[in-house]
Amino acid sequence: MEQLELLNDRQREAVLHWDSPLLILAGAGSGKTRVITTKIAYLIAEKGMDPRSILAVTFTNKAANEMKTRVLLMIPDAVDVMIRTFHSFGAWLLRRNSHLLDLDSNFKIYDDDDSLALLRQVLEKSRGEKIARDELRRYANYISRAKDKNLFPQDDLRSITTDETFDGYYLLYQERLQQIGNVDFGDLIMRSVELLRRVPEVKRRMQQRFQVVLVDEYQDANTAQFHMLEELHSEDNYLCVVGDEDQSIYGFRGAEVRNILDFPDVFPNTEVIRLEENYRSTQSILQVAISVVQNNRQRLGKKLWTQKDAGEPVVLAILSNENEEARFCAEILQDGNYERTAILYRNNYQSRSFETLFARLHIPYRLVGSLRFVDREEVKDALAYLSLLINPRDEVSFLRIVNKPARGIGKATLSKILQVTRGDFLAACREAADGLSSKAKSGLKSLLLALEELQQLLVASSLDEVIRQLIDRTGLYDFYANKDETEGSTRILNLEELVNASVEYGGGVDALAGLLESLALNSSDEDPFAGDGRVNLITFHNTKGLEFDRVIITGLEDGLFPHYRDNVFEEDLELEEERRLFYVAMTRAREQLYMTTCQMRRVFGIVQNRKASRFLSEIPSEIVKVMTSNSSQPTSESYPAFYEGCGVAHPEYGAGTITKKWYNGQDFMVLVRFSEGRTAKFILKYSKLERVNF
DNA sequence: GTTAAAGGATTTTTT
DNA sequence: ATCCTTTAAC
């Protein structure tokens, strides 16, 4: 197979390895995806394996899709290889065995919002009082962590929390979920493990079908996922995991670095192969990245190296505030190489200063994975109606839409309905309708009528037609169309987008279940691989598995990154995870790496003094080029550009002229007379003034 | 039961 | 600074 020729010795060894379990420790940029895809191709082409007998598991849909594409390029036959995320594999397994766990085969996957809503219902009913959101979120988080650890309500939950009321709440939640017949994210893994353990026949079938199990990004596997692999593995099949302990960044959601560290102990006769040659980054970038990550203690240790040249030096820019940070990025982007560049930040909200400036300067940008399509209010509304068509017991969906748009069904009416319900909420509505006020009654009737019509349409027509009718018949269209103009029209557009997305699914209940699953599991809709001329704005976490020619890591300030609350790390482990996150961010860069830190930043609307990130002190000063506001080329021009008599514009006050400029010993000040007549004084550095020519 | 005003909380990171 | 929830008024 000619692809083998393209590999280095280590990589080829990993591809050819067979018989015992294999752990590939693959450093950043060491060609890990190439190794996995080539291995799959090799197994099919050279070893004559049936594509159906190969299972490859990843963590993100992005990774799964890329893997699939690359395998297909090598081997067209590979369409039958099962390449999925852990969660999507779990959904597949549970759906075809749903009867064994008393689930509806068209179960809906509750996202975090839905779970929270259900938990609220359950807890408020149990305690008979309103529950504060904080408390609710804490319990929801406990439930997620318990499921990450494969712990059921009956298990010993002391490793999750010492709060003894939690056990009961978890049990109530889980029972309610079971009654409804739906699952949440955690269940996709935990209940799959349950299925494999409880029904030996299913386990045997899976072990026989999947002769090869490959796992990517194994450092991010949680305990439940580990158990899932354990159940899928047998003496007769082949298990191979790939990962990098230095890139484990999902501890907060249950990832266990120990999984990868302990792999050789858990699976006897494991062979370990290290991939240490980096093909992505320049010498300079790699050097900086290594200088930081080597301060971690939780490592197996690798010696990453590259044949590449030193390349451009890594740049650290010390800037005054977040607006200047955005300007610094804009300067770099002046060469127009937008799509080759990524701007990285720790927290989603940090994207705002970039968005504001880029919109003004007409720099096209792509915001990766922030406001997700399925999280939009109007989309969730439509999906709730759809979910109810499949499952009238879906409490969360029912409560969401019963009075949205408003139909005169308020608290009083709702409690009457809830009193007579025995699970099926639509039946309960019919039952309760007679004893209601005429307003509530007619509102309820119109809702039921619309749902009945849609149910008939669902079996008779294509999905896009159902959704089109749904938006109209339920009143969602009018509801959003009557909102203020710009907001209403984007919401309508999103609803239309949902119609478009459904076209390829055909019709019927199964198709609908398929659409809902795909929307639940493929939540990030932006494709970062699409080279469409936009600069990428993206969180550190979201860059996993991606690479860019040019990377700007922003907000390198203590508290922001490493991120912490109350100025303290509870454990060193958290700090180490942050450090790994830095390492991941840096190793995304192929040719040029910039880092920025601000001396001041607006947080909660208040300007704060900031300290540089402690990680920066781990980098030897001779391997970075430091720029400051005053000496750096990109920003030095900003101030001379503002002189007495020149025209300026302010986002709130409009156009004006500088009437006076002076230096107060610390900052440049300007006095501006606006065309509206008012006069205002600004500290130039912090003002939102822009130069304009009249 | 709906809408408007005021007050309070918010900022990790995601399948 | 902005978003969300609670409260007050229609």
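The structure displayed is predicted, hence computed values, not measured ones. Chain letters run A, B, ... following the sequence lines, proteins first, then strands; residues in each count from 1.
- A:I409 comes within contact range of the sugar-phosphate backbone alone, with a heavy-atom separation under 4.0 Å but no base atom that close.
- A:R137 comes within 4.0 angstrom of sugar-phosphate atoms only, judged by non-hydrogen atoms across all strands, and of no base.
- Rounded to whole Å, the distance from CG on A:D148 to P on B:dT13 is 17 Å.
- Each of A:V603 and A:G408 was assigned the nucleotide of DNA chain B with the nearest heavy atom; the assignment lying further toward the 5' end belongs to A:G408.
- Between the CG atom of A:D134 and the C1' atom of B:dG8 there is a distance of 12 Å, rounded to whole Å.
- Taking only side-chain nitrogens and oxygens, A:N347 never comes nearer than 4.0 Å to OP1 or OP2 of B:dT10.
- Each of A:E577 and A:P405 was matched to the nucleotide of DNA chain B holding its nearest heavy atom; the match closer to the 5' end belongs to A:P405.
- Between the CG atom of A:N542 and the P atom of B:dT13 there is a distance of 10 Å, given to the nearest Å.
- Judged purely by atom type and a 3.5 angstrom limit, A:Q247 has no side-chain atom pairing as donor or acceptor with the backbone of A:D244.
- Rounded to whole Å, the distance from CG on A:D558 to P on B:dT11 is 21 Å.
- The interatomic distance linking A:R352 (CZ) with B:dT10 (P) rounds to 16 Å, in whole Å.
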Quiz item: Could you go step by step and tell me if A:F682 and A:H650 meet the ring pair (Phe, Tyr, Trp, His ring centres under 6.0 Å) rule?
Solution: CA-CA 11 Å; A:F682 295 97; A:H650 187 275; 5.3 Å; yes
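- Looking only at atom types and distance, the side chain of A:N222 has no donor-acceptor partner in the side chain of A:E256 under 3.5 Å away.
- Atom CG of A:D113 is separated from atom P of B:dT14 by 14 Å (rounded to the nearest Å).
- When heavy atoms are screened at a 4.0 angstrom cut-off, A:F604 is found touching base atoms of the nucleic acid.
- Residues A:C329 and A:I343 come closest through the heavy atom pair CB-CD1, 3.7 Å.
- Once the 5.5 Å centre distance and the 30° plane angle are applied, the aromatic ring of A:F252 is found stacked with the base of B:dT13.
- For A:R602, no side-chain nitrogen or oxygen approaches OP1 or OP2 of B:dT11 to under 4.0 Å.
- In this entry the distance linking CG of A:L521 with P of B:dT15 reads 10 Å, nearest Å.
- Counting to the nearest Å, the P atom of B:dT15 and the CZ atom of A:F185 are 8 Å from each other.
- Donor-acceptor pairing under 3.5 Å, judged by distance alone, is present between the side chain of A:Y349 and the base of B:dT11.
- A donor-acceptor pair shorter than 3.5 Å cannot be found between the side chains of A:N150 and A:E194.
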